[in-house]
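Accompanying notes for the structure given below.
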Amino acid sequence: MAKHDQVLVGLDIGTSKIACVVAEAGPDGKVDVIGIGTHPSRGLRKGVVVNIESTVESIRLAVEEAELMAGVDIQSVFTGIAGSHIRGYNSHGVVATKNNEVTREDVDRVIDAARAMNIPADQKVLHILPQEYIIDNQDGIREPIGMSGVRLEAKVHVVTGAVSSAQNIVKCCNRCDLDVTDMVLEQVASSEAVLMQDEKDIGVVLIDIGGGTTDMAIFLNGSIRHTHVIPIGGDHLTNDLVIGLRTSAREADQLKRKYGACMTNMVPPEDQIEIPSVGGRAPRPMPRQVMAQILEPRVEELFEMIRDELQRSGFQELAAAGMVLTGGSSLLDGMVDLAEDVFDMPVRLGRPQGVGGLVDVVSSPMYATGVGLILYGQRYRQNPQHIKATEHHLFSRVWKRMRSWFGDTG
Ligand SMILES: Nc1ncnc2c1ncn2[C@@H]1O[C@H](COP(=O)(O)OP(=O)(O)OP(=O)(O)O)[C@@H](O)[C@H]1O
Ligand SMILES: [Mg+2]
């Protein structure tokens, strides 16, 4: 049985499904997936918990399944956070170094200075992701500690989220007797699992299209530059099919996964499907193209919203590596081709990578966040020095403070 200090658990609380991924970290730093549990999610809307009881029940079932498969008792998890309450800002701070050489304290102070900005009262800082340090006008520095200089500047990406949403996630986990070690922005987690380092270096746009939300993250020069959440996902496609095909949500979702496509001209006109009707009526035959005609405008609409956000961010021209699509809805037939058309850049499908063990079980883009949470956990466990110097240290301080607001979770 795996020892506890080697076990890492990622709990992705999504709008469509809860996925609990259990991994074991080997002595060589490699991470092997040893179990997974999934359960349809019933208590979320657009990435946010709206029903605690149903969410707790779904989490419990997913965790139990993962525990059985992995043969471990799960006590603590890394969990994700998403929803349209999430905001991302770029900020910077400047301090004078104490002894003409940058120390960890200087780095802490400069990051603290960078996070000093006006945020709405109901929002709290979730992440402070350092982009680069500048020492006496020398820019592009990633590891400033030990370097000489008098003026230390930090550029950071600050992610904030609604306190209540974070509290509800922690509450749900605690009700299942789980401790939340860290809460990670979902696209930050997914990026760990699906992006390559060189893509992050030369510039890449990550799009995680789930059930309730579409999460964006833009990377350049190795670090995160822009984040955004659009409250539209695969569930909206399903809803359009419910109305357009006059069938139940469950059937519509199954039809979408099996026969759905978002480019009408990719579907042969002679392809026929059967639509199960509601109210005991007989199933109806229908050309498969009709489904694509319903889905295409909605996906286009979503892509246009992404394009607008890309333009707003100012990074559209800078993503030399193009775009990576992940999340369950990226599996819809034609997504990659349509994205290439709309964005006029290279697009690929992002499947989780970088883990061993039960790789096949977690190879779907649906598990990008779950696998990413594990890799995120491993990266920080492996490199505690780095934690202290950068976001994790601050994050855990922020986290401690957040826990104190929660009261009962301390
Ligand atoms: N093969 C497929 N073709 C089209 N859509 C699919 C396919 N497989 C899954 N989906 C859709 O993907 C969505 C679920 O994706 P995912 O599991 O990534 O969402 P989630 O993480 O639960 O939600 P969110 O991240 O929005 O909170 C559902 O809308 C589902 O219908
Ligand atoms: Mg998701």
Side-chain angles (χ1 to χ4, degrees), residues 10-21 36-50 54-55 58-59 62 79-86 161 165 168-169 172 184-194 206-217 228-242 248-263 266-267 288 291-292 294-296 298-299 302 324-336 338 349-352 362-373:
L11 184 68
D12 173 17
I13 306 173
T15 312
S16 309
K17 52 100 193 41
I18 313 277
C20 178
V21 186
I36 178 164
T38 57
H39 197 269
S41 168
R42 307 234 184 273
L44 276 86
R45 258 183 60 104
K46 298 182 181 178
V48 174
V49 176
V50 292
S54 319
T55 309
S58 304
I59 293 178
T79 181
I81 182 163
S84 45
H85 58 93
I86 300 283
S165 297
N168 285 335
I169 293 173
C172 291
V184 186
L185 184 65
E186 283 176 15
Q187 57 267 50
V188 170
S190 300
S191 73
E192 296 276 342
V194 304
L206 174 74
I207 309 287
D208 181 334
I209 316 176
T213 63
T214 294
D215 309 332
M216 289 175 69
H228 186 67
V229 179
I230 299 170
I232 289 185
D235 294 350
H236 298 81
L237 302 177
T238 305
N239 281 341
D240 288 352
L241 290 179
V242 169
S248 70
R250 206 170 58 88
E251 297 290 356
D253 192 64
Q254 276 175 8
L255 286 167
K256 179 183 75 174
R257 290 173 192 232
K258 240 171 149 174
Y259 307 111
C262 62
M263 283 183 99
M266 278 176 63
V267 180
R288 194 179 151 218
M291 272 185 91
I294 296 170
L295 296 174
E296 185 167 343
R298 177 67 93 164
V299 176
L302 173 63
V324 177
L325 295 181
T326 191
S329 299
S330 67
L331 288 170
L332 185 68
D333 242 11
M335 275 287 195
V336 169
L338 186 61
L349 191 65
R351 292 184 181 275
V362 293
S363 66
S364 163
M366 237 186 262
Y367 300 124
T369 307
V371 171
L373 285 168

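For ligands, and for the atoms within them, numbers begin at 1 and follow the listed sequence.
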Exercise for review: Measure Asp253 to ligand 1 on non-hydrogen atoms and call it side chain, backbone, both or neither using the 4.0 Å cut-off.
Suggested key: side chain

Review point. Given that the side chain starts at C-beta and the backbone is N, CA, C, O, which of these parts of Asp235 lies under 4.0 Å from ligand 1, counting heavy atoms, or is it both or neither?
Key: both

Taking [atom] as the reference point, the nearest protein heavy atom with its distance:
{"atom": "atom 19 (O) of ligand 1", "value": "Gly211 N, 3.1 Å"}
{"atom": "atom 30 (C) of ligand 1", "value": "Arg257 NH2, 3.3 Å"}
{"atom": "atom 22 (O) of ligand 1", "value": "Ser16 N, 2.7 Å"}
{"atom": "atom 1 (N) of ligand 1", "value": "Leu331 CB, 3.5 Å"}

Practice item. Give a yes or no answer on whether the side chain of Arg288 reaches the backbone of Tyr259 with a donor-acceptor pair at less than 3.5 Å. Key: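 Side chain of Arg288 to backbone of Tyr259, a donor-acceptor pair under 3.5 Å: yes, one is there.
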
Check your understanding: Got a donor-acceptor contact below 3.5 angstrom from the Thr38 side chain to the Ala19 backbone?
Key ->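 Looks like no, no N/O pair under 3.5 Å.
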
Check your understanding: Should Pro365 and Leu331 count as side-chain neighbours, where that means a heavy-atom distance under 4.5 Å?
Key -> yes

At a 4.0 Å threshold, what atoms of ligand 1 neighbour a non-hydrogen atom of [X]?
{"X": "Leu332", "result": "3 (N), 4 (C)"}
{"X": "Gly327", "result": "18 (O)"}
{"X": "Lys256", "result": "5 (N), 11 (C), 29 (O), 30 (C), 31 (O)"}
{"X": "Gly234", "result": "29 (O)"}
{"X": "Glu186", "result": "25 (O)"}

Check your understanding: With sequence neighbours excluded, what pairs up with Glu296 under the side chain to side chain donor-acceptor pair (under 3.5 Å) test?
Key ->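 Side chain to side chain donor-acceptor pair (under 3.5 Å) list for Glu296, sorted by chain: Thr264.
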
Review point. Looking only at non-hydrogen atoms, which of Ala368, Ser41, Gly328, Pro231 approaches atom 16 (P) of ligand 1 most closely?
Key: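 Looking at heavy atoms only, Gly328 sits closest to atom 16 (P) of ligand 1.
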
**Study point:** Heavy-atom proximity to atom 21 (O) of ligand 1, best of Lys258, Met335, Lys17
**Key:**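 The residue whose heavy atom sits nearest atom 21 (O) of ligand 1 is Lys17.
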
**Study point:** Any Ser329 heavy atom less than 4.0 Å from ligand 1
**Key:** yes

Hey, does [X] come in under 3.5 Å of ligand 1, counting only N/O atoms on both sides?
{"X": "Thr213", "answer": "yes"}
{"X": "Gly212", "answer": "yes"}
{"X": "Asp215", "answer": "no"}

**Study point:** All side-chain contact (heavy atoms from CB on, under 4.5 Å) counterparts of His236, not counting sequence neighbours
**Key:**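 With sequence neighbours excluded, His236 shows a side-chain contact (heavy atoms from CB on, under 4.5 Å) to Lys46, Ile232, Arg298, given in chain and number order.
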
Check your understanding: Step by step, would you call Ser84 with Thr213 a side-chain contact (heavy atoms from CB on, under 4.5 Å)?
Key -> CA-CA 8 Å; Ser84 45; Thr213 63; over 6 Å; no

Exercise for review: Evaluate the criterion side-chain hydrogen bond (donor to acceptor under 3.5 Å, both in side chains) for residue pair Thr238 and Lys256; output intermediate values, then yes/no.
Suggested key: CA-CA 7 Å; Thr238 305; Lys256 179 183 75 174; 3.0 Å; yes

Check your understanding: Run the side-chain contact (heavy atoms from CB on, under 4.5 Å) check on Val48 and His85 step by step: do they pass?
Key -> CA-CA 9 Å; Val48 174; His85 58 93; 3.7 Å; yes

Check your understanding: So Val21 and Asp12, side-chain contact (heavy atoms from CB on, under 4.5 Å) or not? Walk me through it.
Key -> CA-CA 8 Å; Val21 186; Asp12 173 17; over 6 Å; no

**Study point:** Of Val229, Ile86, Val184, the residue whose pairing with Ile81 passes side-chain contact (heavy atoms from CB on, under 4.5 Å)
**Key:**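 Answer after filtering Val229, Ile86, Val184: Ile86.
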
Review point. How far apart are the closest heavy atoms of Cys172 and Val49, and which atoms are they?
Key: SG-CG1, 4.0 Å

